[in-house]
Amino acid sequence: MSDKYQVISILKKDAILQLLKKNERIDGRGLEDFREIEIFTNIYNKAEGSARVHLGDTKVVAGVKASIGIPFPDTPNVGVQVVNAELIPLASPLFEAGPPGEEDIELSRVVDRGIRSSEMIDNKKLALIPGKKVWMIFIDIYPLDYHGNLMDAFGLAAVSALLTGNLYETEINEDDIILKENKIPIPINHVPIFVTIGKIQNKLIVDPTFEEEMVLDAKITYTIDENNNICGIQKSGTAGFTIDELIMARDIAIEVAAKIRKYLPLKKG
Amino acid sequence: MKKVSNITEVIKLLDENGIRSDGRRLDEMRKIKIEVGVLKNADGSAYIEMGNNKIIVGVYGPKEVRPKHLAIPYKSLIRCRYEMMPFSVSDRKSPSPSRREIELSKAIREALEPAIFTEEFPRTMIEIFIEVLEADGGTRTASINAASVALADAGIPLRDLVTAIAIGKIDGKLALDINGIEDQYGDGDMPIAMMPQLGYVTLFQADGIFTSEEIEKAFEMAKKAIWNIYEIQKKALKSKYLQIVKEVDINE
């Protein structure tokens, strides 16, 4: 992605900038409108949970797998959560195969922190034999078609897959864990929503498309829980924000998160 | 490792008088010491001690881009590598780059780049190498404080210095410049970097839960501390040249 700067024509860039001066966007949206959202859940049966999210033309998938493992020594009584994302070449000519780069790692770590900080997963319920055996929840996220704002789409996909995911019911017999036939929902406390706001000159725009990302000066992602608390922040891009812009973006993010929340699949159980 | 879990039960981040585990008040910063021009090979360099953090930064460039195809026709390519030495933390860190280090390298680069007149040096690159020798919470903010001074030391034209501080949350209260224990057992961490004169925030991250009001309060706390650090950075830069003047005077 390091040579992103090559892929937008000056004509298009000018068009985006000219329209923004009139508070208009190249695809006709208002500055604070997000693209159409579609969410399909439990679509892959081998996964404990899965979701495919369409955010306009951007398409991503997320899958949840669970296995029983050993807890980290400093958190012996809670389950383990692992988030992984990889920008695969299927999704864009800009993505190259190979080990995850900065961008992949940033995306997965921001999703990981949002889920962790909001305490979305009730981690204590994932401890089977405290100090010895816990559920390990792996969330893997991939783009299928990249047309901007992977951050929010990845977040929505991970959250949707967790909300509709199931774990085997367990029975503990001294030091043995018996998996039963029956499945129960993944224990959920809170639900974070990721909202990315782009800055172009002095304008703030919600859910930037790929073309807008090419022109963006910087981006800010706020993760918002259902009580409108902020449970994650990440600024990226090669420019800065004023404090007023960041506070304005926070307010926009809280508003937008409430709207996106309505698209979420119903929690299981 | 067993020791760690014992500590969690005993540790109190804030006592009845509002004093933190290392004796500081909630709005008190750790001591900062910055030295400039500590390396001979690098074009610019700086060493910082911020509390127990010890970090050295070297800057090379603007120089020829390698590999060549990475050169950007209209601006300088900024590269940044943030690395923790294996012995800088309690349990040895593997020397291969961790996901955290890769993310922080990007975040720090994007905190510094807004300050650099990159368009003045097309088809070149500027490299920033950050090595953490000892870590105790807030290494990314300490790294930024040292790196922006090292960039200035390298003679690279800057719009402003970049100055950073982290605001944390311990026992439900905002605390300035959290240390390692507070980061590990506290409720949140919000590093902020700014170009103080220009009023731009160039790094802004958070984990943990913060209310809307806390974000505004955190900015207020951070701004105050950032102006203090800014003065220390400027003093460190000046002192290098005052030293040279002194040496020249003696020789004459």
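Source: prediction; values computed, not measured. In what follows, chains carry the letters A, B, and so on, assigned in the order in which the sequence lines appear, proteins first and then strands, with residues in each chain numbered from 1.
To the nearest 0.5 angstrom, B:I209 atom CD1 is 6.0 Å from A:H190 atom NE2. One finds the CZ atom of B:F210 at 8.5 Å from the OG atom of A:S117 (value rounded to the nearest 0.5 Å). Here CD1 of B:I215 is found 9.0 Å from CG of A:L246. Values are rounded to the nearest 0.5 Å. To the nearest 0.5 Å, atoms CD (B:E103) and CD (A:E106) are separated by 5.5 Å.
Both the backbone and the side chain of A:N84 come within contact range of chain B, judged by heavy atoms closer than 4.5 Å. For A:I247, the part lying under 4.5 angstrom from a heavy atom of chain B is the side chain only. For a residue to count as touching a neighbouring chain, one of its non-hydrogen atoms must lie under 4.5 Å from one of that chain's; by this rule A:I243 touches chain B with backbone and side chain alike.
Scored by the ring pair (Phe, Tyr, Trp, His ring centres under 6.0 Å) test, B:Y200 finds no partners at all (sequence neighbours excluded).
Considering every non-hydrogen atom in both A:I230 and B:T211, the closest pair reads CD1-C, 4.2 Å. The shortest heavy-atom contact between A:K235 and B:T202 is NZ-O, 2.6 Å.
Looking only at distances, a side-chain donor or acceptor of B:E110 sits under 3.5 Å from a matching main-chain atom of A:G237.
Look at A:E103 and B:K106 and you find no salt bridge, because none of the NZ, NE, NH1 or NH2 atoms lies under 4.0 Å from a carboxylate O.
The interface of residues 95-102 of chain B with chain A, defined by heavy-atom distances below 4.5 Å, comprises B:R99, B:R100, B:I102.
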